[in-house]
Each structure stands twice: as structure tokens, then as C-alpha cells.
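All remarks here apply to the structure that follows.
All values below come from the heavy atoms of this structure, side chains included, with hydrogens, waters and symmetry mates left out.
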Amino acid sequence: MGIIPEGEYPDSTVVIQNRWQGPFGNGVVQVFAGATADDPSQGLVIVHWLDKDWGFVRGQRFLAPAKVGSLEIVAANNGTFTLRSSGGRTLTFDLRKLSFEE
């Protein structure tokens with residue numbers, strides 16, 4: 001549980017820097033941070049919702065609002081994720097709202 005440094009992901013269209021996983025709602029959530037493989041300046045977050053037995057339920061991608069580079073999770077607190085971009089910017093992703101916050 002918590003931030004995991006490995007960036008493994010089963011889809012070659014993205015390059016993942018790290019991920020966070022933990023309980024959220026009625027199951028478990030995995031939040032992956034990185035960038036698209038074809039445009040490393042386009043950061044993204046991918047959320048996977050899992051059931052209580054860690055079975056995949058669904059996933060969704062969220063592109064960063066600006067092309068600031070690949071994203072990395074640096075902190076997670078109660079559904080709010082602080083992300084640092086390879087370009088040096090700090091962004092926040094709200095898991096409850098499923099959106100980046102300014």
C-alpha cells in the first residue's frame with residue numbers, strides 16, 4: 001500500500017514513473033502516474049478501480065491540463081495526489097472529483 005516506485009504497466013502506449021495503491025471507497029484503487037509514450041511532454045494519471053479481492057473493475061486515463069512532462073506521485077493524502085512533473089511543475093489530482101486541480 002502507498003507509493004510504489006515501480007512503473008510497470010501492461011500497455012506500451014504509456015510510460016509510467018510510479019504508482020500508488022490503497023483502499024478507497026468499497027474496494028482498492030491503483031493510481032499510475034507518467035506520460036504518453038508518443039509524447040513524453042503529455043503527463044497523465046491512470047486510475048484502476050479494483051474490487052475487495054483485487055479484481056480489475058475498470059480503468060480511466062486523465063491527461064494533465066498542460067504539457068508539463070511526465071508525472072510522478074510525490075505524496076498522497078486522503079484521495080488527493082501531489083504530482084511533480086519532469087518539467088518541474090507541481091500538480092494536484094483529486095481522486096474524488098477525478099480531475100486535476102489548479
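Checked against F62 for a ring pair (Phe, Tyr, Trp, His ring centres under 6.0 Å), the options F93, F100, F32, F81 give a single hit: F93.
Considering NZ of K97 and OG1 of T92, their distance stands at 11.0 Å, rounded to 0.5 Å. The distance from the CG atom of L83 to the CD1 atom of I73 is 6.0 Å, given to the nearest 0.5 Å. The line from CD1 of I3 to CG of N18 is 6.5 Å long, rounded to the nearest 0.5 Å. Rounding to the nearest 0.5 angstrom, the gap separating the CG atom in N26 from the NZ atom in K52 is 10.5 Å. Distance check, rounded to the nearest 0.5 Å: CG of L71 to OG1 of T90 gives 10.5 Å. To the nearest 0.5 angstrom, T82 atom OG1 is 8.0 Å from N77 atom CG.
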- Message: Using side chain to side chain contact (heavy atoms under 4.5 Å, CB included), reason through Y9 and Q30 one step at a time and then give a plain yes or no.
- Response: CA-CA 11 Å; Y9 196 75; Q30 293 178 319; over 6 Å; no

- Task: Start with the C-alpha distance between L91 and V68, add both sets of side-chain angles, then the distance that settles side chain to side chain contact (heavy atoms under 4.5 Å, CB included), and finish with yes or no.
- Result: CA-CA 10 Å; L91 292 89; V68 295; 3.8 Å; yes

- Might you work through the side chain to side chain contact (heavy atoms under 4.5 Å, CB included) test for V29 and L50, ending with a clear yes or no? CA-CA 6 Å; V29 172; L50 310 173; over 6 Å; no

- Item | salt bridge (Lys or Arg N to Asp or Glu O under 4.0 Å) between R61 and D11, intermediate numbers included | CA-CA 12 Å; R61 291 183 184 202; D11 181 345; 2.5 Å; yes

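Looking at I46 and Q60, their side chains never come closer than 4.5 Å, going by heavy atoms from C-beta outward. At a threshold of 4.5 Å between non-hydrogen side-chain atoms, the residues D53 and V28 do not count as touching. Here the side chains of N78 and L95 are not in contact, with every heavy-atom distance at 4.5 Å or above.
When atom types are taken as modelled, the side chain of S86 and the backbone of S70 share a donor-acceptor pair closer than 3.5 angstrom.
The stretch residues 66-87 participates, sequence neighbours left out, in these salt bridge (charged side-chain N to carboxylate O under 4.0 Å, His left out) pairs: D39-K67. Sorted pairs that involve residues 16-25 and meet salt bridge (charged side-chain N to carboxylate O under 4.0 Å, His left out), not counting sequence neighbours, are lacking altogether.
Within a 6.0 Å radius of CG in D38, other residues, nucleotides and ligands contribute more than 12 heavy atoms.
When hydrophobic clusters are built by joining Ile, Leu, Val, Met, Phe, Trp and Tyr residues whose side-chain heavy atoms come closer than 4.5 Å, directly or via intermediates, V47 is grouped together with W20. Linking Ile, Leu, Val, Met, Phe, Trp and Tyr whenever their side-chain heavy atoms come within less than 4.5 Å puts L98 and F24 in one cluster. I4 and V45 end up in different hydrophobic clusters when Ile, Leu, Val, Met, Phe, Trp and Tyr side chains are linked at under 4.5 Å.
In this structure, R89 and A66 approach most closely via the heavy-atom pair NH1-CB, 3.9 Å. Shown here for S12 and A37, the closest heavy-atom pair between the two residues is O-CB, 3.4 Å.
Aromatic ring orientation, H48 versus F56: perpendicular (interplanar angle above 60°, classes split at 30° and 60°).
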